[in-house]
Amino acid sequence: MNWSSKESPQYQAIVIGAGVCGIYQALHLKKMGLPATVIERADDVGGTWYWNRYPGCRFDSESETYGYSFSPEVLEEWNWSERFASRPETERYLQYVVEKFDLRKLMQFGCSVTSAVWDEQERLWRVGLSDDRLLTTRFLLTAIGLLSEPTLPRYPGVSRFKGLSFHTYHAPREPVEFRGKRVAVIGTGATGVQFIAEIADKVDSLTVFQRRPNWCAPLNNALISLEQMQEIRSRYSEIFKKCKSTAGGFVHDVDPRKALDVSPGEREAFWEELYASPGFGIWIGNFKDVLTDFAANAEMSKFVARKIRERVKDPRVAEKLIPKDHGFGTRRVPMETKYYEVYNRDNVTLVDISETPIECITETGIITSAQEHEFDIIVYATGFDAITGAFDKIDIRGVDGQRLKDKWKDGPIAAYGLAVNGFPNLLTLAGPQSGSVATNFPRGIEEAVDWCTDLLQYAYLHGVTRLEARRDTEEAWGVEVRKWAQRILFGSEQSWFTGYNSNVDRAPGIRYLIYAGGAPRFRKHVGGEATQGYPGFELR
Ligand code: NA7
């Protein structure tokens, strides 16, 4: 070991979080043979796939593109059963990977990191845990998730309700009995849409409280047979090569044509094909200008609005479900399975709370400006304090006691989204503005973790005990992040991509949380940094 100091830290690396990202980082640290540990607040691995136990939870990435790509053995052994795997299957997959590589022994469950204080003298982090222990580590790596701090609405009385109520992220472990129950759902983002479609035919009555409708598109899920899985397996290298070449790390790539350059007939046929195809193709595999040009976007929005009108029988309800304040794809597109048909059911009611706002939650239900509703169960699908929320939860203090929360008060800034000036030896693996937050997550984090691991190797080989992103590196990255955000239509739209959440006290204004320049461009930036010996970092 090249690293030495007056006080030897207990660990060379602490990873916070044992989800998709933390598991992969743990594997690397194990291979490096470093004294390392992973601190996880849940009582098992999985992160997102551990917590979100609401019915209908599944990913919108093609299953075969969501698994890790690094291990031929894993690719050989694991069979996905659906095009878009459900939460329990993904949780099982992550548990299988952890067992296979014997990673559990690196992990400590059931405790949260509450604080991390940089000790300049000793060049180490002092990490406080919820069980009052204090650990020390040379490097601190955050794998704390993008959407891991759920937010409840700030309506009066949320805690007064006497029936069962929960945020979807905290859905009970034991399956909830929805049969015969009067159920309310607040929120119609990607989560709400999955949940609503799954339970509508199982409940006595379902009342959906919608503030702003989203443009949803069919997921077109299907089972994968063993024969199909064999065929997928034979194409894995081709699949991952394709993912590497696209902006979002998916198999979907933008069509090189412009929407308005082709004839209306050709445009229509292409959109019909996308509407009937699996996954995000309709969002990120569309004509190249649909997400950048208002006129092209307006045509696409008209097409999807027509689909909604065709699928929802009551024209007044259909109009309420069609967004009027933003264009298709400028916010996250919820992927759905028979979502719109739910509103044709007699037991389902849509309450437009932009017209009749919720006034309060009572012991027995919800009061809007129009009426009182009684419920047995209230489900909050009200989203997250996205990306920075999980950082804000930990009292992270860098050089001279500066708090990360204060530094990021008006919006986060970080070199490549991976390191922060003033916070040495902290690597924010899927931090704000990193390449992984806008991509098919495992594809993005494999690259981020590989890059950070190379940086740790470099530090080890060169006896570096303190590494810090230079201020001008993070400022230049901020410019790059803003440049790409301004080129796309969703750069200014109120959504979790820009940190919009009415349930969090925060100064209004756009926060640049994602890097929209695409995965290949991100790879070029960080790859250049590594091959030149990290000129954007101060290494001591
Ligand atoms: P989202 O996409 O942030 O959606 C949250 C939803 O909750 C959205 O419809 C919000 O309406 C609604 N919301 C939030 N606060 C309130 C209050 N106070 N009253 C009524 N409605 C409210 O979170 P999701 O969990 O659906 O999806 C997050 C990601 O998880 C998703 O992108 C996937 O990657 C997986 P609004 O639109 O703000 O008016």
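Ligands are counted one by one from 1 in listed order, and the atoms in each one are counted from 1 as well. What you see is a predicted model; the values in this text were computed from it and never measured. Below, each value reflects all heavy atoms present in this structure, side chains not excepted, and no hydrogens, waters or symmetry copies.
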Present, as a list of atom pairs with distances to 0.1 Å, all nitrogen or oxygen contacts under 3.5 Å between ligand 1 and the protein.
unit_1: ligand 1; atom_1: 7 (O); unit_2: A381; atom_2: O; d: 3.2
unit_1: ligand 1; atom_1: 9 (O); unit_2: T188; atom_2: N; d: 2.9
unit_1: ligand 1; atom_1: 9 (O); unit_2: G189; atom_2: N; d: 3.4
unit_1: ligand 1; atom_1: 15 (N); unit_2: R211; atom_2: NH2; d: 3.4
unit_1: ligand 1; atom_1: 15 (N); unit_2: N503; atom_2: ND2; d: 2.8
unit_1: ligand 1; atom_1: 18 (N); unit_2: N503; atom_2: OD1; d: 3.0
unit_1: ligand 1; atom_1: 19 (N); unit_2: Y155; atom_2: OH; d: 2.5
unit_1: ligand 1; atom_1: 25 (O); unit_2: T191; atom_2: OG1; d: 2.6
unit_1: ligand 1; atom_1: 26 (O); unit_2: A190; atom_2: N; d: 3.0
unit_1: ligand 1; atom_1: 26 (O); unit_2: T191; atom_2: N; d: 2.9
unit_1: ligand 1; atom_1: 26 (O); unit_2: T191; atom_2: OG1; d: 3.4
unit_1: ligand 1; atom_1: 32 (O); unit_2: R332; atom_2: NE; d: 3.1
unit_1: ligand 1; atom_1: 32 (O); unit_2: W496; atom_2: NE1; d: 2.8
unit_1: ligand 1; atom_1: 34 (O); unit_2: R332; atom_2: NE; d: 3.4
unit_1: ligand 1; atom_1: 34 (O); unit_2: R332; atom_2: NH2; d: 3.0
unit_1: ligand 1; atom_1: 37 (O); unit_2: R331; atom_2: NH1; d: 3.1
unit_1: ligand 1; atom_1: 37 (O); unit_2: R331; atom_2: NH2; d: 3.0
unit_1: ligand 1; atom_1: 38 (O); unit_2: R211; atom_2: NH2; d: 2.8
unit_1: ligand 1; atom_1: 39 (O); unit_2: R211; atom_2: NE; d: 2.8

Can you name the salt bridge (Lys or Arg N to Asp or Glu O under 4.0 Å) partners of R182, sequence neighbours left out?
E374, D376
Parallel, tilted or perpendicular: ring planes of F522 versus Y515, cut at 30 and 60 degrees:
tilted
Going by the side chain to side chain donor-acceptor pair (under 3.5 Å) test, which pairs reach into residues 333-342, not counting sequence neighbours?
R311-E336, R311-E341, Y339-Y343
Tell me every residue that passes side-chain contact (heavy atoms from CB on, under 4.5 Å) with A184, counting only those two or more places apart in sequence or in another chain.
F209, I366, F375, I378
Taking it one step at a time, do E447 and R443 satisfy salt bridge (charged side-chain N to carboxylate O under 4.0 Å, His left out)?
CA-CA 7 Å; E447 297 206 5; R443 304 281 62 78; over 6 Å; no
Can a salt bridge be assigned to the pair D505 and R154 using a cut-off of 4.0 Å between side-chain N and carboxylate O?
yes
